[in-house]
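These numbers were taken from a predicted model, which means no experiment stands behind them. All chains are named by letter (A, B, ...) in the order of the sequence lines, taking the proteins before the strands, and each is independently numbered beginning at 1.
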Amino acid sequence: MEENSQNELLAVRRQKLEALRAAGIDPFGQAYETTGAPGQIRAAFAEGQKVRTAGRITAHRNMGKSHFIDLSDSSGRMQVYLNAKEVGAETMAVFDHLDIGDFIGVEGETFVTKTGEPSIKATSFTVLSKSLRPLPDKWHGVQDTEIKYRQRYLDLISNPESMEVFQKRIAIVREIRRFLEDRGFIEVETPMMQAVPGGAAAAPFKTHHNALGVDLYLRIAPELYLKRLLVGGFSKIFELNRNFRNEGISRRHNPEFTMLEAYWACADFEKMAELVEEMVCHVAQTVCGTLQIEHKDAEGNVLRTINLTRPWRRTDYADLIKGIVPDWYERTPEQRRAWCIENHIDVTHCQEDFEVTQHVFEKLVEEKTMNPLFVTRCPKELVPLAKQNAANQSVVDVYELVINGQEISPGYSELNDPDIQRERLEHQSGGETQKLDEDFLTTLEYGMPPAGGIGIGIDRLVMMLTGVESIRDVILFPHMRPRAGT
RNA sequence: GGGUUGGUAGCUCAAUGGUAGAGCAGCGCCCUUUUAAGGCGUUGGUUGAGGGUUCGAGUCCCUCCCAACCCA
């Protein structure tokens with residue numbers, strides 16, 4: 001396939017490459033000083049300015065003796081006008097060897113065309129990089145999901161809406177950092193390779209350190225190390241980085257994903273809920289400019305609007321369950337299972353009674369909750385690292401924040417009693433349990449201040465704020481099965 | 001892991017079991033303010049891979065690969 005059809009398109013570009021070289025022009029040029037990126041010049045446009053800019057040629061409109069080209073990069077697009085009479089025949093001969101996809105630098109003066117388009121009238125241009133392969137369709141861009149994910153650069157070049165989502169993601173992460181730092185939290189870095197993969201219940205990736213001769217695991221959560229820092233005297237810390245879980249890939253799961261965890265000494269889960277509420281609203285207001293987040297389908301119809309207006313609803317876990325089945329907690333475990341079967345909720349995979357209840361919660365509360373909801377005081381079995389409630393030892397002082405039908409953020413009053421922590425970790429039950437990190441338990445014995453802690457799944461937060469349905473659309477390079485030859 | 005849908009030109013998409021097409025891109029020509037520029041002409045295919053059924057397969061059957069969606 002590469003031999004025939006593709007090669008004809010490639011051959012033409014290779015010929016132009018050689019033609020440039022024959023004309024004494026380096027097709028892969030040097031540094032080029034600019035007065036601004038294409039999108040910046042367009043955004044701050046003023047007529048009659050001498051400017052220099054650089055970018056990729058993404059469109060070419062040939063009028064005979066004059067040409068219009070679009071130069072683009074992540075900043076946006078700027079039109080360049082090239083007139084044979086003004087730049088001369090020699091320069092136009094060089095221009096004939098350029099293609100859509102090439103990078104050039106342009107020098108000229110700004111003006112507005114008679115159709116009102118801000119433009120640069122080029123006096124000269126410089127070849128910065130020859131593109132040897134054709135770009136995707138200029139109008140439809142890349143539609144093939146496989147190409148979008150495997151060759152993200154093509155998606156970014158040709159699909160402005162994809163570029164916009166990633167720009168928003170970058171802004172969201174930046175605003176979260178700014179928000180936390182403004183409130184006195186400092187960002188720390190803890191190990192991504194851990195001897196005991198703790199802090200969550202998940203299958204880890206295993207690796208090996210040759211010099212030490214030990215197996216290590218990519219972290220599934222930073223929690224236990226951040227708590228070691230609370231013991232060490234830090235009182236307001238956060239880490240915003242990657243976690244790794246060796247589990248299935250789906251619309252909502254990528255093997256590596258970005259997590260924010262923050263800890264605040266002498267705070268509790270209620271104070272953390274306040275913090276998260278403020279933070280998400282700050283980010284939405286700053287990045288999206290609104291607290292009403294519209295999710296649209298491919299045709300642009302609004303599917304739903306998520307209303308982030310404060311205050312956010314807070315309801316106890318048990319009350320939410322009772323809202324579905326009022327006498328749920330008066331029933332026996334067998335009766336609860338029977339109710340699930342009657343109501344077509346598959347709980348065959350649930351080993352323990354609390355898992356049955358949790359499954360009902362996930363299907364009938366979580367998945368149906370679009371606007372923010374803090375689910376408070378969850379069953380203690382679900383959260384072995386949180387403090388038990390003083391009045392009701394069967395629940396823990398936590399919230400689970402649900403937005404957009406997904407768990408976006410948990411927040412705890414952190415368990416700081418080393419003996420209870422040991423017991424809770426040793427007596428976990430159900431399908432998923434956490435590893436026992438002896439070194440962490442020893443650390444707790446030195447004394448950890450009471451603290452509030454939160455986690456926020458950044459990918460899911462970005463999905464919620466940008467209205468995309470798949471985690472792959474908010475991760476630049478989502479994991480795919482490797483393909484031979486690529 | 002199970003189910004559904006899909007894979008055709010560089011890209012976006014067509015094609016009752018009966019000669020594989022269009023638009024864009026490319027190439028050639030015309031055009032000095034266009035913007036999915038326009039007009040005329042033109043190149044380009046092992047239809048994801050491999051088997052099978054048939055006079056004849058992009059299309060039907062089987063196996064495999066890749067992807068998306070749903071379920072677990």
Which is more 5' along RNA chain B, the nucleotide nearest A:Gly141 or the one nearest A:Tyr149? Just name the residue.
A:Gly141
Gap separating the CD atom of A:Gln40 from the CE atom of A:Met78, nearest 0.5 angstrom:
12.5 Å
Check the distance between B:A36's C1' and A:Phe68's CZ and give it to me in whole angstrom.
16 Å
Within the structure shown, what part of the strands sits under 4.0 Å from A:Asp144 by heavy-atom distance: base, sugar-phosphate, or nothing?
sugar-phosphate
Residues from residues 76-85 of chain A sitting under 4.0 Å of RNA chain B, heavy atoms only?
A:Arg77, A:Gln79, A:Tyr81, A:Asn83, A:Lys85
Please check this pair: side chain of A:Arg336 against backbone of A:Trp328, looking for a donor-acceptor N/O pair closer than 3.5 Å.
yes
Using purine N1 to pyrimidine N3 plus N6-O4 or O6-N4 for Watson-Crick, or N1-O2 and O6-N3 for G-U wobble, each under 3.5 Å, what pairs with B:U5?
B:A67
Describe the nucleic acid contact of A:Ser66 in one word from base, sugar-phosphate, nothing, applying a heavy-atom distance below 4.0 Å.
sugar-phosphate
Any side-chain N or O of A:Arg481 under 4.0 Å from OP1/OP2 of B:C65?
no
Tell me if the CZ atom of A:Arg304 is crowded by more than 12 foreign heavy atoms within 6.0 Å.
yes
May I ask you to establish whether A:Arg52 and A:Tyr32 are in a cation-pi arrangement, using a distance under 6.0 Å from NZ or CZ to the six-membered ring centre and at most 45° from the ring axis?
yes
Atom-pair distance (NZ on A:Lys148; P on B:G7), nearest Å
19 Å
Rounded to whole Å, CD of A:Gln143 lies from P of B:G10 at a distance of 18 Å
Can you figure out which of B:C27, B:C31, B:U34 approaches the side chain of A:Asn62 most closely?
B:C31
Nearest-nucleotide pick for A:Asp137, side chain only, options being B:A68, B:G44, B:U12
B:U12
Nearest whole angstrom, please: distance from the C1' of B:A67 to the CE of A:Met480.
6 Å
Please report, rounded to the nearest Å, how far the C1' atom of B:C31 is from the NE2 atom of A:His67.
11 Å
In whole angstrom, give me the gap between the P atoms of B:G58 and B:U19.
10 Å
Please measure how far the C1' atom in B:C61 lies from the corresponding atom in B:A20, and state the result in whole Å.
22 Å
Spacing of the C1' atoms in B:G7 and B:U43 (rounded, Å):
25 Å
Rounded distance in Å - CD (A:Gln151) to P (B:G10)
13 Å
Establish, with yes or no, whether the OP1 or OP2 oxygen of B:C66 is under 4.0 angstrom from a side-chain nitrogen or oxygen of A:Arg150.
no
Residue A:Glu47 excluded, over 12 heavy atoms near CD under 6.0 Å
yes
Does A:Glu90 CD have over 12 foreign heavy atoms under 6.0 Å away?
no
Counting just side-chain N and O atoms, does A:Lys114 come under 4.0 Å of either OP1 or OP2 of B:U32?
no
Separation between CZ (A:Arg314) and CZ (A:Arg377), nearest 0.5 Å, reads 10.0 Å
Determine: side-chain N/O of A:Lys138 to OP1/OP2 of B:A25, distance under 4.0 Å, yes or no.
yes
Determine the Euclidean distance between corresponding C1' atoms of B:G26 and B:U53; express it in Å to zero decimal places.
40 Å
Determine whether a donor-acceptor pair (N or O, by modelled atom type, separation under 3.5 Å) exists between the side chain of A:Asp459 and the backbone of A:Val474.
no
In whole Å, what is the span from the NE2 atom of A:His60 to the P atom of B:C24?
16 Å
With P as the reference atom in both, quote the distance from B:C30 to B:G51 in angstrom, rounded to an integer.
50 Å
With rounding to the closest Å, how many angstrom separate the P atoms on B:G17 and B:C66?
30 Å
Does any nucleotide pair with B:U54 by Watson-Crick or G-U wobble geometry, both distances under 3.5 Å, and what is it?
none
Of the listed nucleotides (B:G26, B:A36, B:A72), which one gets closest to any side-chain atom of A:Asp346?
B:A72
With rounding to whole Å, what would you report as the distance between B:A67 and B:G48 at their C1' atoms?
11 Å
Supply the atom-to-atom distance A:Leu240 CG to A:Met259 CE, rounded to the nearest 0.5 angstrom.
10.5 Å
Write down the atom of A:Leu425, the atom of A:Leu385, and the distance for their closest heavy-atom approach.
CD2-CD2, 4.3 Å
Below 30° counts as parallel, above 60° as perpendicular, anything between as tilted: where do the rings of A:Phe125 and A:Phe95 land?
perpendicular
Do the charged groups of A:Glu407 and A:Arg252 touch, with an N to O distance under 4.0 Å?
no
Mind checking A:Thr115 for me? I need base, sugar-phosphate or nothing, with any heavy atom below 4.0 Å counting as a touch.
base
Identity of whatever pairs with B:G28 - Watson-Crick or G-U, under 3.5 angstrom
B:C40
Heavy atoms only: give me the nearest A:Gly76-A:Pro38 pair and the separation to one decimal.
O-CB, 4.0 Å
Give me the distance, rounded to whole Å, that separates B:C24 from B:G2 when you measure between the C1' atoms they each carry.
40 Å
With both distances kept under 3.5 Å, what pairs with B:U33, Watson-Crick or G-U wobble?
none
Ignoring backbone atoms, test whether A:Arg472 places a side-chain nitrogen or oxygen under 4.0 Å from the OP1 or OP2 oxygen of B:C69.
yes
Across the strands shown, which category fits A:Arg251 at heavy-atom distances under 4.0 angstrom: base, sugar-phosphate, nothing?
sugar-phosphate
Check RNA chain B against residues 89-109 of chain A and give the residues with a non-hydrogen atom under 4.0 Å, in numerical order.
none
Taking the minimum atom-to-atom distance to the side chain of A:Thr113, which one of B:U12, B:G26, B:U33 wins?
B:U33
Please determine whether the number of non-hydrogen atoms from other residues, nucleotides or ligands lying under 6.0 Å from atom NE2 of A:His208 exceeds 12.
yes
Looking at B:G17, which nucleotide sits across from it as a Watson-Crick or G-U wobble partner, both distances under 3.5 angstrom, or is there none?
none
Quick one: A:Glu146 CD to B:U5 C1', roughly how many Å, whole number?
14 Å
Under 3.5 Å, is there a donor on one side chain and an acceptor on the other for A:Ser75 and A:Asp73?
yes
Does anything in residues 116-128 of chain A come within less than 4.0 Å of RNA chain B? Heavy atoms only, and list the residues if so.
A:Glu117, A:Lys121
Side-chain N or O of A:Arg61 versus OP1/OP2 of B:A37: is the shortest distance under 4.0 Å?
yes
